[in-house]
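The structure under discussion appears below in the form of structure tokens.
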Amino acid sequence: MRPQDGVPLPAAVLFPYIATVTSHDPLLVFDRATLRRRRERAARDWERHDFLKREIAERLVDRLDDVRRTFPLGLDLGSHGDEVANALGERTIVGQLVRADLGRGFAARARGPAIVADEEFLPFAAGRFDLVLSAMDLHWVNDLPGTLIQIARILKPDGLFLGALLGGATLWQLRQALAAAESEIDGGLSPRVSPFADLRDAAGLLQRAGFALPVADGETIEVEYESALALMRDLRAMGESNLVVGRRRGMAGRAVLLRAAELYGERFARPGGRVTASFEVLFLHGWSPHASQPKALKPGSAAQRLADALGTSELSAGEKVERS
């Protein structure tokens, strides 16, 4: 009996392929289906809320100026409103730039070749690109090490990955205000601000993914808002509000949000009454392995002694230093 006949298959046939789902997959931190819907909504009015993406894209592209080579084919992963392409401007370091975004609305905005693609399942052949750039996008993937492995796979040997994603100290003021408000009103805590990667782990993630010469550093961007509620509205418009699978939904938390806004203003307001929000940006830099790249020397293979360079005497590990 075939499915196209319009007759359901018997349960005995289907049973081996059916599993009862009783709870969320513990490895799925972020609600990617909601992220896609929010991306589509954000694309409709993006120009009013693209300032953070523009700033991060410009800082990311500036780092390409330190690289003394060209990249014939590049990928902008998470292209949003084409901010990376705009930041490249008249630079000739990148030949052709392909855009990819989870949202169809953003892919349609691109002024060059673009596709709709999920960062967790990259649809590109191995060794396809000379360069992969990603600005303000990878903090929403559930398996960041797995996505980095996929990025390494689609790079040609000696290809470069440059990424910028929001780090763990992002919106720390909002986290504090929400935690205090929820403890005060509900007597407990729920995930209201999404968890992001820490800087101390970033270089290790690149190394685990197989990148050579991994480097990670961080910068903080401070943004002023009229109020905490204005910040929350802006995050929603950017598609950057809470996506934790176990987040509280509905209107039950309205009192908590209003109280959090009050506490935010009390604790973090500037003299003029405006509040500050901090966005930590992690910059990741790694190369696809190639035989031409410099490699660390093996222990004991140095041609000169450090003691000679410093003009001192070398002592064995068990020898005591005599003090005059």
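Residues: numbered from 1 along the sequence shown.
Partners of Arg44 by side-chain hydrogen bond (donor to acceptor under 3.5 Å, both in side chains), not counting sequence neighbours: none found. With sequence neighbours excluded, the residues forming a side chain to side chain contact (heavy atoms under 4.5 Å, CB included) with Arg36 are Leu102, Val116, Asp118, listed by chain and number. With sequence neighbours left out, Trp287 forms a side-chain hydrogen bond (donor to acceptor under 3.5 Å, both in side chains) with no residue at all. Every residue two or more places apart in sequence or in another chain that forms a side-chain hydrogen bond (donor to acceptor under 3.5 Å, both in side chains) with Arg91 is listed here: Asp62, Asp65.
Scanning all heavy atoms of the two residues, the minimum distance from Ala152 to Ala209 falls at CB-O, 3.7 Å.
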Does Asp82 form a salt bridge (Lys or Arg N to Asp or Glu O under 4.0 Å) with Arg111? I'd like the steps, not just the answer. CA-CA 8 Å; Asp82 238 5; Arg111 297 188 309 278; 3.6 Å; yes
Would you please test Arg54 and Glu58 for salt bridge (Lys or Arg N to Asp or Glu O under 4.0 Å) and show each step? CA-CA 6 Å; Arg54 280 190 285 108; Glu58 289 171 4; 5.2 Å; no
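Residues Leu73, Leu75, Leu77, Val98, Ile115, Leu122, Phe124, Phe129, Val132, Leu138, Val141, Leu144, Leu148, Ile151, Ile154, Phe161, Leu165, Leu199, Leu205, Leu206, Phe211, Leu282, Leu284 make up the rest of the hydrophobic cluster containing Leu155, defined by ILVMFWY side-chain heavy atoms closer than 4.5 Å, directly or through other members. Taking Ile, Leu, Val, Met, Phe, Trp and Tyr as members and joining any whose side-chain heavy atoms lie under 4.5 Å apart, directly or through other members, Phe121 forms no hydrophobic cluster with any other residue.
In this structure, Arg63 is positioned above the aromatic face of Phe283, its NZ or CZ under 6.0 Å from the six-membered ring centre and within 45° of the axis.
Using a 4.0 Å cut-off between charged nitrogen and carboxylate oxygen, Glu240 and Lys53 do not count as a salt-bridge pair.
Within the 3.5 Å criterion, the main-chain N or O of Gly81 finds a donor-acceptor partner in the side chain of Glu83.
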